[in-house]
Participant: 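Sharing a structure, written as structure tokens. Questions coming.
Below, each value reflects all heavy atoms present in this structure, side chains not excepted, and no hydrogens, waters or symmetry copies.
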Amino acid sequence: MAKDSEQRSYSVDEMMEQLKKGERAKTRSEDAELVTRSDGSKAMRVRRRKRRKDQLASPKFRRRRYGLVTTIGFFVLLVAAGVSLLLVLARFNSRGYREDLEKSLGQSTGSQVGLADLSVNPIKSRVESVKFAWPAGSLPRSLKLSSLEARLKGSSFISSRLRGGELRARLGTMVLRPPEDTISPLVTKGEEFLDFGSYRCSQFDLHYGTETDDSVVRLRGSELTARPAEDGDGLRFILSGGFARFGNWTELKVSTGLGEWNDGAFDLKSLYTKSPSSGEAVFKGVQPITAGSPSVFDVQLIRFPMGELLGMEALGRLIKGHVDAPSGSLTFDPRHVDSGQLDLSFSGTEISIEGFRFLGGLASILRKEHYARPEGGTITGTLKWDRDQLSIEDLKYEIRSHMMLTGQIVVRDQELSGTLRLGVPEVLMMKSLTEPRYSSFSLPRLGYCWTDLELSGTIEQPSDNFLRKLQAAPVKPVNQ
């Protein structure tokens with residue numbers, strides 16, 4: 001019984017652990033071999049065991065191997081992307097692509113196109129200059145743009161189209177001439193190499209006729225922004241700043257302008273301008289510019305200087321002040337450069353006139369110096385202008401109880417002509433109830449005594465027949 005009590009009892013787990021230890025000890029003894037060293041000592045040599053193919057690696061080793069594979073893969077992708085980008089950039093900057101771009105632009109605009117120094121890269125793409133030349137008979141004849149640049153979208157390098165938000169040019173000049181046939185669209189639909197939301201030119205010049213100061217319409221130094229029309233056909237133009245000039249009018253400062261080129265016609269929606277000193281001029285398209293009919297623009301003037309309306313070197317030297325014109329018309333035929341015509345009814349107050357020869361004679365016979373340069377009068381009339389002459393029809397100038405002028409004034413090649421009726425208050429001109437002091441003046445009508453004048457001379461030296469008509473009557477003091 002004592003022997004049984006001294007015998008140790010084992011649990012199932014302990015028995016399994018003892019069996020595993022026995023297996024490991026047996027394995028070690030099988031793998032070990034007793035060897036004798038060169039010095040005579042003895043040792044156990046254990047054979048190395050090879051890893052089994054189906055034996056799982058440790059988690060740490062697996063993580064390290066995955067990280068290495070990922071790094072190598074990323075590096076390979078990076079190198080492949082860099083090589084692909086270099087190949088794409090080489091293609092976009094090649095001579096072949098530039099020629100394809102010129103051909104695409106030529107087909108969409110109907111012109112000959114020349115590009116200089118095209119440089120495409122992911123940061124900023126540039127073109128030194130681009131020139132468009134249209135054939136004879138077209139409304140547009142030439143367009144020159146320089147210092148162009150844009151930021152391209154990433155999709156540009158996947159396809160053959162250059163895409164971006166805006167293409168900008170520093171300088172641009174466009175020449176328009178009378179068309180011989182129907183006006184073609186400025187840009188036609190098709191496979192285009194350019195696809196931008198807007199096209200902007202910081203300093204844009206436009207000439208209608210020739211690229212000289214003799215152009216019928218001139219625009220200089222304006223910022224032009226062109227965007228595709230909302231319906232996808234044609235272009236919409238927005239002007240800001242710069243200067244505009246129509247014929248021999250004074251140069252006007254542009255505030256804003258809006259136009260559209262669509263369906264073979266250019267439509268000037270509105271153009272708001274200011275004179276160099278003061279006043280505003282507003283132009284709005286009534287009939288678009290087409291090859292088949294005259295174009296008509298509505299003209300409105302607000303406190304516009306007479307000197308700048310009539311020309312500082314023309315009739316504006318003789319009539320000064322500010323006038324308003326609620327509505328007028330500017331008409332011209334696009335097929336004829338010299339066809340511009342302006343018809344404008346105006347009115348104004350605080351108007352002065354000077355320089356006419358008859359004013360000095362009138363001041364002399366009336367002994368009143370203020371008649372030599374009348375000031376503060378009201379004026380109405382109709383201004384008519386074309387390439388040949390400028391005239392004021394239905395003129396009426398009046399300083400109440402002092403004088404009145406009616407008639408017509410014409411300026412042609414700086415030469416002055418026309419017929420005026422000069423009215424002087426009857427209290428200053430009548431010698432008696434039935435006889436004026438000078439036979440060249442009529443009996444009173446509407447409170448004035450009248451005489452007819454024929455204008456002659458030039459703008460610099462105006463002349464008339466006032467003094468010659470007075471020679472038929474003695475010059476007597478007014479107070480006699």
Participant: Using the side-chain hydrogen bond (donor to acceptor under 3.5 Å, both in side chains) definition, which of the options Arg220, Arg245, Arg218 pairs with Glu251?
Facilitator: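 In the set Arg220, Arg245, Arg218, the residue that makes a side-chain hydrogen bond (donor to acceptor under 3.5 Å, both in side chains) with Glu251 is Arg220.
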
Participant: Kindly compute the distance separating CZ (Arg227) from CD (Glu260), expressed to the nearest 0.5 Å.
Facilitator: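 Between atom CZ of Arg227 and atom CD of Glu260 there are 13.0 Å.
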
Participant: List the steps and the verdict of side-chain hydrogen bond (donor to acceptor under 3.5 Å, both in side chains) for Thr380 and Asp394.
Facilitator: CA-CA 8 Å; Thr380 59; Asp394 303 322; over 6 Å; no

Participant: When the ring planes of Phe196 and Tyr199 are compared, do they come out parallel, tilted or perpendicular, using 30° and 60° as the limits?
Facilitator: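 Correct class here is perpendicular.
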
Participant: Just verifying a value: how many Å separate Leu420 CG and Thr406 OG1, rounded to the nearest 0.5 Å?
Facilitator: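 The OG1 atom of Thr406 is 7.5 Å from CG of Leu420, to the nearest 0.5 Å.
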
Participant: What's the verdict on side chain to side chain contact (heavy atoms under 4.5 Å, CB included) for Tyr272 and Lys284, showing C-alpha distance, side-chain angles and the deciding distance?
Facilitator: CA-CA 9 Å; Tyr272 292 85; Lys284 294 184 178 181; 3.7 Å; yes

Participant: Between Ser198 and Glu166, is any side-chain donor less than 3.5 angstrom from a side-chain acceptor?
Facilitator: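 Short answer, yes.
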
Participant: If you measure from NZ on Lys368 to CE on Met403, what distance do you get to the nearest 0.5 Å?
Facilitator: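 Between Lys368 NZ and Met403 CE, I get 14.0 Å after rounding to 0.5 Å.
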
Participant: Looking at Leu310, is its backbone amide N or carbonyl O close enough to the side chain of Trp385 to form a donor-acceptor pair, meaning the two atoms are under 3.5 Å apart?
Facilitator: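 No, Trp385 side chain to Leu310 backbone: no donor-acceptor pair under 3.5 Å.
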
Participant: CG of Leu252 to CG of Leu219: how many Å apart, nearest 0.5 Å?
Facilitator: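 One gets 11.0 Å once the value is rounded to the nearest 0.5 Å.
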
Participant: Between Arg200 and Thr225, does any side-chain donor sit less than 3.5 Å from a side-chain acceptor?
Facilitator: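 Yes, a side-chain donor-acceptor pair sits under 3.5 Å.
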
Participant: Output yes when Glu354 and Arg373 qualify as a salt bridge under the 4.0 Å nitrogen-oxygen rule, no when they do not.
Facilitator: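 The answer is yes: the pair qualifies as a salt bridge.
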
Participant: Can you tell me how far the CG atom of Asp452 sits from the OG1 atom of Thr419, to the nearest 0.5 Å?
Facilitator: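 With rounding to 0.5 Å, CG (Asp452) is 7.5 Å from OG1 (Thr419).
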
Participant: Counting C-beta onward and ignoring hydrogens, is there a side-chain heavy-atom pair between Trp134 and Leu143 closer than 4.5 Å?
Facilitator: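 In short, these two side chains touch, coming nearer than 4.5 Å.
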
Participant: For the pair His370 and His402, name the ring-plane relationship: parallel under 30°, tilted 30 to 60°, perpendicular over 60°.
Facilitator: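 Perpendicular, since the angle between the ring planes exceeds 60°.
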
Participant: So that I can tick it off, tell me whether Arg357 and Asp464 are bridged by a salt bridge, with the cut-off set at under 4.0 angstrom between side-chain N and carboxylate O.
Facilitator: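 Not counted as a salt bridge, because no side-chain N and carboxylate O are separated by less than 4.0 Å.
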
Participant: Between Trp450 and Arg445 (side chain of the first, backbone of the second, donor and acceptor by atom type, cut-off under 3.5 Å), is there such a pair?
Facilitator: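 Yes; at least one donor-acceptor contact below 3.5 Å.
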
Participant: Consider side-chain hydrogen bond (donor to acceptor under 3.5 Å, both in side chains). Of Ser329, Ser327, Ser270, which one does Asp298 pass it with?
Facilitator: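 The passing option is Ser327.
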
Participant: Roughly how far, to the nearest 0.5 Å, is the OH atom of Tyr397 from the OG atom of Ser352?
Facilitator: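 The OG atom of Ser352 sits 6.5 Å away from the OH atom of Tyr397.
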
Participant: Of all heavy-atom pairs between Leu428 and Val424, which one has the smallest distance, and what is that distance?
Facilitator: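 Residues Leu428 and Val424, closest heavy atoms: CB-CG1, 4.2 Å.
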
Participant: Ile379 and Leu395: side chain to side chain contact (heavy atoms under 4.5 Å, CB included), yes or no, with the steps?
Facilitator: CA-CA 7 Å; Ile379 191 171; Leu395 171 67; 3.7 Å; yes

Participant: Do the non-hydrogen side-chain atoms of Ser417 and Arg412 ever get within less than 4.5 Å of each other?
Facilitator: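 No, side chains not in contact.
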
Participant: As a test of understanding, state which of Leu330, Asp343, Val282, Leu271 forms a side-chain contact (heavy atoms from CB on, under 4.5 Å) with Val299.
Facilitator: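 Passing option: Leu330.
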
Participant: Do you know the tightest heavy-atom contact between Leu467 and Gly361?
Facilitator: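 Shortest heavy-atom separation between Leu467 and Gly361 comes out as CD2-CA, 4.2 Å.
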
Participant: Mind running salt bridge (Lys or Arg N to Asp or Glu O under 4.0 Å) on Asp267 and Lys269 for me, showing each step along the way?
Facilitator: CA-CA 6 Å; Asp267 188 4; Lys269 297 294 185 181; 3.1 Å; yes

Participant: Which pair of heavy atoms, one from Ala281 and one from Phe304, lies closest together, and at what distance?
Facilitator: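 Taking every non-hydrogen atom into account, CB-CE1, 4.0 Å.
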
Participant: Between Pro305 and Ser277, which heavy-atom pair has the shortest distance, and what is it?
Facilitator: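 Reported closest heavy-atom pair: CG-OG, 3.4 Å.
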
Participant: Taking CD in Gln112 as the centre, count heavy atoms belonging to other residues, nucleotides or ligands within less than 6.0 Å. Is the count above 12?
Facilitator: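 Check fails, neighbour count at 12 or below.
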
Participant: Going by heavy atoms in the side chains, are Arg303 and Glu280 under 4.5 Å from each other?
Facilitator: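 The answer is no; the side chains never approach within 4.5 Å.
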
Participant: For the pair Lys103 and Glu99, find out whether any cationic side-chain nitrogen is under 4.0 Å from an anionic carboxylate oxygen.
Facilitator: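 No, this pair does not count.
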
Participant: Begin from the C-alpha positions of Phe346 and Met306 and carry the test side chain to side chain contact (heavy atoms under 4.5 Å, CB included) through to its verdict.
Facilitator: CA-CA 10 Å; Phe346 62 88; Met306 286 288 287; 4.2 Å; yes

Participant: For Leu416 and Val411: C-alpha separation, side-chain torsions, deciding distance, then whether side chain to side chain contact (heavy atoms under 4.5 Å, CB included) applies.
Facilitator: CA-CA 5 Å; Leu416 194 63; Val411 178; 3.9 Å; yes

Participant: Might you point out which heavy atoms bring Phe441 and Pro436 nearest each other, and give the distance in Å?
Facilitator: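 Answer, listing the atom of Phe441 first, then Pro436: O-CG, 3.4 Å.
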
Participant: Looking only at heavy atoms, which two atoms of Arg317 and Ile459 are closest? And how far apart?
Facilitator: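 Result for this residue pair: CD-CG2, 3.9 Å.
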
